[in-house]
Amino acid sequence: QKEVEQNSGPLSVPEGAIASLNCTYSDRGSQSFFWYRQYSGKSPELIMSIYSNGDKEDGRFTAQLNKASQYVSLLIRDSQPSDSATYLCAVISISGGSNYKLTFGKGTLLTVNP
Amino acid sequence: GAVVSQHPSWVICKSGTSVKIECRSLDFQATTMFWYRQFPKQSLMLMATSNEGSKATYEQGVEKDKFLINHASLTLSTLTVTSAHPEDSSFYICSAPLEVGYEQYFGPGTRLTVT
């Protein structure tokens, strides 16, 4: 079974610090990787997508992908209390030919303390 | 970005009744949509893949006769929970990709409570 693993946390950082979230995946054939943010009681919101090895930066967020190590991470710089949420790592895998499936990790709860 | 809507946002129904949830892509066409279920403090679990003009593909353990999916147009998929029971109470969320294999955009979710 294709799996996505995340540290459930909670991860607590002070305001202004860097938050580092990590994720590993089991399907070596995966090509598409995503980070979603989910506030309590709300649906997931796409934060970052990354498809090739290396870093991708978007504002305060940086996603890092290492396919050889099957590892994806998300760095949040200058963390704000509004960043407090559960962060979900998601990986697209292909099953049964052309069927795409987005598999989620269980999420890491991030708390940014003022 | 892509916008996906869901209706209703919440619903309370009695045990044994059926509930229909709509998922619409507002500014793009989606040949494929996905239905997820999320129980409190758990991650999203994919229930089924909805394909426009063809039968849905259900994940292992999901009863296709209980969770009826219809994807009748490129902008609308519906999930009907038939003969709902209290254990079906959950947060149901749909998603759709702009392009298959790439990022999915989620609807706001429907909170179902079965009494």
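Reckoned from all heavy atoms, side chains included, excluding hydrogens, waters and symmetry mates. For clarity, every value in this text was computed on a predicted model and none was experimentally measured. Just so it is clear: chains get the letters A, B, ... in the order the sequence lines come, proteins before strands, and each one is counted from 1.
Comparing A/T103, A/I92, A/T86, A/L102 by heavy-atom pairs within less than 4.5 Å of chain B, the highest count is held by A/L102.
Residues passing the ring-ring contact (aromatic ring centres under 6.0 Å, His included) test with B/Y36 are A/F104, B/F106, sequence neighbours excluded.
Two different hydrophobic clusters hold A/L75 and A/L110 under the rule that ILVMFWY side chains link at heavy-atom gaps under 4.5 Å. B/M33 and B/V4 sit in two unconnected hydrophobic clusters of ILVMFWY residues. Membership requires side-chain heavy atoms under 4.5 Å apart, directly or through other members. Cluster annotation: B/F91 is connected to B/Y105 through the hydrophobic network of ILVMFWY side chains, with a link wherever side-chain heavy atoms come within less than 4.5 Å. Neither B/L74 nor B/L76 shares a network with the other; the hydrophobic side chains, linked directly or stepwise wherever heavy atoms of I, L, V, M, F, W or Y lie under 4.5 Å apart, form separate groups for each. Residues B/Y92 and B/L44 do not share a hydrophobic cluster, clusters being chains of Ile/Leu/Val/Met/Phe/Trp/Tyr side chains in contact below 4.5 Å.
Contacts between residues 60-73 of chain A and chain B, counted as heavy-atom pairs separated by less than 4.5 Å, involve no residue at all. Contact annotation for residues 34-49 of chain A against chain B (heavy-atom separation below 4.5 Å, listed by residue number): A/F34, A/Y36, A/Q38, A/G41, A/K42, A/S43, A/P44, A/L46, A/S49.
Within the model, atoms NZ of B/K41 and OG of A/S8 stand 12.0 Å from one another, a figure rounded to the nearest 0.5 Å.
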Compile the donor-acceptor pairs under 3.5 Å between side chains in residues 62-71 of chain B and protein atoms, sequence neighbours left out, one pair per line.
unit_1	atom_1	unit_2	atom_2	d
B/K66	NZ	B/T82	O	3.0
B/K66	NZ	B/S83	O	2.9
B/K66	NZ	B/D88	OD2	2.9
B/N70	OD1	B/A72	N	3.4
B/H71	ND1	B/S50	O	3.2
B/H71	ND1	B/S50	OG	2.8
B/H71	ND1	B/E52	N	3.4
B/H71	NE2	B/A30	O	3.1
B/H71	NE2	B/S73	O	3.2

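Using a 4.5 Å cut-off between heavy atoms, B/E59 touches chain A through its side chain atoms alone. For chain A, the nearby part of B/Q38 is the side chain; its heavy atoms alone come within less than 4.5 Å. Using a 4.5 Å cut-off between heavy atoms, A/L88 touches chain B through its side chain atoms alone.
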